[in-house]
Protein chains: 2
Amino acid sequence: MPTLEDVAKRAGVSTATVSKVLSNTPYFTDATRLKVMQAVQELGYVPNLAARALSSGKTHIIAVVFPYVYEAIFTDPNIMNTLAGIEAECTTQGYNILLSTPQLASDEPDTHYQQLIQSGYLDGVIAIDSYPTASALKPVQEKGIPAVVIGYEACDYSVRHDDQAGGQKIMEHLIALGHTRFGLIEVPEDTNYGVKYRSIGVRAAAEQAGLDYDSFPRTSGDWSTHSGSRCAAALLAQHPDVTALICYNDRMAMGAIQQARSMGRAVPGDLSITGYDDIPSAVLCDPALTTISQRSPEQGRIGARLLFEVLDGTHPDPVVLDPLLIVRQSSAPRP
Amino acid sequence: MPTLEDVAKRAGVSTATVSKVLSNTPYFTDATRLKVMQAVQELGYVPNLAARALSSGKTHIIAVVFPYVYEAIFTDPNIMNTLAGIEAECTTQGYNILLSTPQLASDEPDTHYQQLIQSGYLDGVIAIDSYPTASALKPVQEKGIPAVVIGYEACDYSVRHDDQAGGQKIMEHLIALGHTRFGLIEVPEDTNYGVKYRSIGVRAAAEQAGLDYDSFPRTSGDWSTHSGSRCAAALLAQHPDVTALICYNDRMAMGAIQQARSMGRAVPGDLSITGYDDIPSAVLCDPALTTISQRSPEQGRIGARLLFEVLDGTHPDPVVLDPLLIVRQSSAPRP
DNA sequence: ATGCTGTAGTTAAGGGCTTAACTACCCTGC
DNA sequence: GCAGGGTAGTTAAGCCCTTAACTACAGCAT
């Protein structure tokens, strides 16, 4: 592999000149630039990133971290779409992405992760914390590495979507369809920051319409499709008068739909059911789900952009994205 | 950040001693080792990876690359599960994963990707080529970086699942259920290496049962759910006697199910429909899909293991995984 | 006594790049 | 005629680590 020195020799200049020309430092004649560039071309020179990193302290690598909180985290559409957005932005900016999913569940800290953070290898970190857990962020902040959070964890720089607005939108949609008797399929509030705000949004919309949120029947699932079925079964058995079921994620909504149908309720004819997240299968299932999109790819893109701004020494304000209400076939006017 | 030298001073030894103790070189007294380790502890020393990389030529970073062939690549369950497997293995081995999805579709080579490969930053590369395209592997091989392919692309070291066996298993399953009149929902053969072998497997099983594979009615979709519906519509209209529909991926199968039902065919009562891939929604949809699992997480794990073996200087044989037939509710005995 | 081998540790030479500090020169204005 | 300032490029130190080559010495056989 050719080095700076090889290029310098070939171009008949010093290594410093080559280095500076390549980094677009001013004060060089076009002739010199040309000589250097030609030598670079001819030798197929590519800078050695390790040397550059050692010398400059900049690696052009950022880490995307999300705690490994459950088996299927790599197929979580929100996380993966966020990752896609980050990737897209980093590619255009010439940054590389290092992936790390620290195991924070166990008591002992993930030493491999700690070492990575401490190693001086990372220019910055983007932490995705859709699912709360022991903080992947703490070591990063201790080390003083520029960091951006996508989600709710406390950090100077962050992006997230507005769960409260999301809850409000879905509720307003159902209210506009004439529904007044609601059931809620929730999850325990402390498992996810976002859910808390979703319910606040739902409550706000309910109260604005003069409905008593606290009197709505509700059960808690565990995000899974299966739990959605179970919750729907219990809820519909006890409260057959409910005409709209608000589920706090799509998978539970899909389970609820199956269950409702098997109990003889037409969806959306007798019963409207809504989800949250707009996962890929939301459009595939039957009936296609009315749901809320968190706009994950944009969250990723913006997160990366924020990080680059921080790396440039600016102090960008937190960004809160307005969620998208996606109306499909699972919601309809009150029977 | 403390450096080797700080540790050396504190421990009262040379930097070489510290370095060697940390890399478990023989010939040191326990006393010396202890002194060094204590100093490391006290200072919270973590080696600088850039310096180590420059000096040793080893970065402990491997790149996982998959060409960015379509928008939703980051939500492709096969790819993401493979990634999860790679991640798991790398973590246990102390390697870091750098993600790169070169844009190979356009004519001009992805210079950012080229630079990354050439930069000397990578100890190895794992290329996922579930979807064929201009090769992400070529620059890697030119550079002489150890590489493992997950898929069909030509490479000294590779893992994949056995598409032919997969095709055969699904066909044998349907034949065992008594079906004799089959329809095929394929994709154009040249879009994917695996599909070719799947059809070879299906043919083999058919011929073994004395069926004329070439006479089966067939149409080609484009992997999408929508195309599955379209294909099913055309095929069932022209060949109402078909009792089993073999689809070459799950999404088309799900589309086919919807379409068949809307045409008044009960699935699986009148018509069995099978998929391929076992995507997450395969278990959620109604009826749950009978399909084939490519065992993506294992492919990832094994791919990473192979790479580590190559890095250790051995020459592991290619691995071909036997696919898993997953029987669910979308297939049933011939009516 | 001599040379060997094995043990325990040090010295110092890189690895390839960036960049502060420096030289050398030319142009301007008074 | 000369200080001052901009232009164009070089020198060399430094980033932190690994490792080949070396020293030093103890134990042992010849």
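Since the model is a prediction, treat every value here as computed from it, not as a measurement. Every chain is numbered from 1, with letters handed out A, B, ... down the list of sequences.
Look at NZ on B:Lys9: it is 15 Å from P on C:dT10, rounded to the nearest Å. The CD atom of B:Glu5 sits 14 Å away from the P atom of D:dT18 (whole-angstrom rounding). Look at OH on A:Tyr121: it is 13 Å from C1' on D:dC16, rounded to the nearest Å. At whole-Å resolution of the value, OH in A:Tyr45 and C1' in C:dG16 are 7 Å apart. Between A:Lys58 atom NZ and C:dT18 atom P the separation is 13 Å, expressed in whole Å. Rounded to an integer number of Å, the gap from B:Leu49 CG to D:dC16 C1' is 11 Å. Summarising the geometry, the separation between CG on B:Leu4 and P on C:dA12 is reported as 17 Å, rounded to the nearest angstrom.
Ring planes of A:Phe308 and A:Tyr95: tilted class, angle from 30 to 60°. In this pair, A:Tyr121 and B:Tyr121 present their aromatic rings tilted. The plane angle is within the 30 to 60° band.
Applying the ring pair (Phe, Tyr, Trp, His ring centres under 6.0 Å) definition to pairs two or more places apart or across chains, none involves residues 10-56 of chain A.
A side chain to side chain contact (heavy atoms under 4.5 Å, CB included) with A:Glu298 holds for exactly one of A:Val159, A:Leu321, A:Asn81; it is A:Leu321. Under the side chain to side chain contact (heavy atoms under 4.5 Å, CB included) test applied with A:Leu116, the options A:Ser100, A:Pro102, A:Pro139 reduce to a single match, A:Ser100.
Annotation: A:Lys143, atom NZ; neighbour count of heavy atoms from other residues, nucleotides and ligands within 6.0 Å is above 12.
For the residue pair B:Glu87 / B:Thr91, a side-chain donor-acceptor distance below 3.5 Å is found, with atom types taken as modelled.
End-to-end axis angle of the helix from C:dA1-D:dT30 to C:dC30-D:dG1, from C1' rotation axes over five pairs per end: 60° (rounded to 10 degrees).
Within a heavy-atom distance below 4.0 Å of DNA chain C, the residues of residues 11-44 of chain B found are B:Val13, B:Ser14, B:Ala16, B:Thr17, B:Lys20, B:Tyr27, B:Phe28, B:Thr29, B:Thr32.
The nearest pair of heavy atoms linking A:Asp129 to A:Ile150 is OD1-O, 2.9 Å. Closest approach of B:Leu43 and B:Pro2 over heavy atoms only: O-CG, 3.4 Å.
Closest to the B:Leu54 side chain, of the nucleotides D:dC16, C:dG16, C:dT18, is C:dG16. Looking at the side chain of A:Ala51, the nearest of the listed nucleotides C:dG16, D:dC16, C:dG14 is C:dG16.
Using a 4.0 Å cut-off, some side-chain N or O of A:Arg52 falls inside it from OP1 or OP2 of C:dT18.
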